[in-house]
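Step one of this worksheet: look at the structure below.
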Amino acid sequence: MARISLTPPRSPLFRAVEWYARRTYGKVLDPVAAVGHNPRVLLSTLRFELSLARWKDLDPDLKALAVMGSAAAVGCSWCMDFGYWENTRRGMDARKIHDVPVWRESDAYTPLERDVLEYAEAMTANPPEVTDELAARLRKALGERAFVELTAMVAVENLRSRMNAALGLTSQGFKDTCELRGV
């Protein structure tokens, strides 16, 4: 159960965001409704997310694994639900998304994908447990620009996941709307 009302004041900004969310996602995203109580936080979040969408140095599937790996480590069911929906919609292998919480036992991942998931988990630990060897492997495989983007995406997902978890936001049913069987 959410720890904040998901019906914020319907300011002109929130109404515009609500319209966009319904058009794009079919419903208002709970994290948007939660931060809608503070228009400055809502506006800053929107600007930040639009800026993140323009980052293109890291492969989209690796970015998705990093984000979902961090969300799984934090335990954000909202993020896992939305991430599954978002990434299957863009065509990512559903098994890879589904197996994120058990990536060590899954044979769905390449060595690079395993390193990305390990890195996301290590960065999300408190305190972070990133080793020099892991960082060096990723930097060599990805290049420095993509490695920095990977690191930033894991940090961003920590912000999102920890905020959602603290606000008590849980699965919003996105995964249930996926037209996939056997997952």
Side-chain angles (χ1 to χ4, degrees), residues 1-4 25 29-32 34-35 41 45 48-49 51-53 55 57-90 92-142 144-176 178 180 183:
M1 175 107 148
R3 295 183 179 107
I4 188 165
Y25 307 108
L29 307 179
D30 286 352
V32 171
V35 299
V41 174
T45 300
F48 186 54
E49 291 292 341
S51 177
L52 294 174
W55 295 357
D57 288 303
L58 183 62
D59 174 83
D61 285 357
L62 295 177
K63 187 180 297 190
L65 290 174
V67 166
M68 293 197 64
S70 179
V74 169
C76 180
S77 65
W78 192 93
C79 298
M80 294 300 290
D81 175 48
F82 185 75
Y84 185 92
W85 176 81
E86 177 181 48
N87 291 301
T88 55
R89 278 190 69 202
R90 69 170 186 79
M92 188 173 173
D93 180 351
R95 182 166 174 233
K96 288 185 180 194
I97 302 166
H98 181 268
D99 284 359
V100 165
V102 294
W103 66 269
R104 283 185 174 81
E105 292 81 39
S106 175
D107 63 356
Y109 304 105
T110 67
L112 177 56
E113 291 168 336
R114 288 181 176 288
D115 281 349
V116 165
L117 286 162
E118 181 180 346
Y119 189 69
E121 203 172 83
M123 263 189 74
T124 303
N126 194 8
E129 300 171 350
V130 176
T131 66
D132 291 342
E133 296 78 20
L134 177 59
R137 279 196 315 270
L138 284 165
R139 200 173 56 250
K140 182 179 179 189
L142 300 172
E144 291 190 342
R145 289 178 61 104
F147 178 68
V148 168
E149 186 171 321
L150 168 66
T151 303
M153 285 309 304
V154 173
V156 166
E157 187 55 33
N158 267 268
L159 167 74
R160 293 172 181 150
S161 291
R162 292 178 188 281
M163 188 164 176
N164 291 344
L167 291 173
L169 305 180
T170 58
S171 172
Q172 201 171 338
F174 280 98
K175 185 178 176 194
D176 300 339
C178 293
L180 297 171
V183 182

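These numbers were taken from a predicted model, which means no experiment stands behind them.
Using a 3.5 Å distance cut-off with no hydrogens or angles, the side chains of S171 and S77 do not pair a donor with an acceptor. Looking at W103 and E113, their side chains never bring a donor and an acceptor atom within 3.5 Å of each other.
With hydrogens and angles disregarded, no donor-acceptor distance shorter than 3.5 Å links the side chain of Q172 to the backbone of F82. With hydrogens and angles disregarded, no donor-acceptor distance shorter than 3.5 Å links the side chain of D99 to the backbone of S106. One N or O on the side chain of T151 and one on the backbone of F147 form a donor-acceptor pair closer than 3.5 Å. For the pair N164 (side chain) and L169 (backbone), a donor-acceptor distance under 3.5 Å is absent. S70 places no side-chain N or O within 3.5 Å of a backbone atom of A66 that could act as its donor or acceptor partner. Listed for the R160 side chain is no donor-acceptor partner under 3.5 Å among the backbone atoms of A155.
Among all heavy-atom pairs drawn from A120 and G69, the shortest one is CB-C, 4.2 Å. Across L65 and K96, no two heavy atoms sit closer than the pair CD2-O, 4.0 Å. Minimum heavy-atom separation, N87 to G83: ND2-O, 2.8 Å. Here the closest non-hydrogen pair linking M68 and Y84 is CE-N, 3.8 Å. When every heavy atom of A71 is checked against every heavy atom of M80, the shortest pair comes out as CB-SD, 3.8 Å. Heavy-atom minimum distance, G168 versus R3: N-NH1, 3.3 Å.
Inter-residue side-chain proximity for V154 and V67 is flagged as unmet; no heavy-atom pair is nearer than 4.5 Å. A heavy-atom distance below 4.5 Å is not found between the side chains of L150 and L62. In this structure the side chain of L112 reaches within 4.5 angstrom of the side chain of L142, judged on heavy atoms. Side-chain contact check for E121 versus V130: every heavy-atom pair is 4.5 Å or farther apart.
Using bins of under 30°, 30° to 60° and over 60° for the plane-to-plane angle, the ring pair W85/F174 lands in the tilted bin.
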Given salt bridge (charged side-chain N to carboxylate O under 4.0 Å, His left out), test R90 with D61 step by step and report yes or no. CA-CA 10 Å; R90 69 170 186 79; D61 285 357; 2.7 Å; yes
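In the displayed structure, E105 atom CD is contacted under 6.0 Å by more than 12 heavy atoms of other residues, nucleotides or ligands. Residue R104 places its CZ atom among more than 12 non-hydrogen atoms of other residues, nucleotides or ligands, all under 6.0 Å distant.
A salt bridge does not link K63 to E157: none of the charged nitrogens lies less than 4.0 Å from a carboxylate oxygen.
Taking the side-chain hydrogen bond (donor to acceptor under 3.5 Å, both in side chains) definition, one finds that D132 meets it with nothing, sequence neighbours left out. For the side-chain contact (heavy atoms from CB on, under 4.5 Å) test, residues two or more places apart in sequence or in another chain that qualify with E133 are T131, R137.
Taken to the nearest 0.5 Å, the CD atom of E149 stands 9.0 Å off from the CG atom of L52. One finds the CH2 atom of W78 at 11.0 Å from the OG1 atom of T170 (value rounded to the nearest 0.5 Å). To the nearest 0.5 angstrom, D57 atom CG is 12.0 Å from E144 atom CD.
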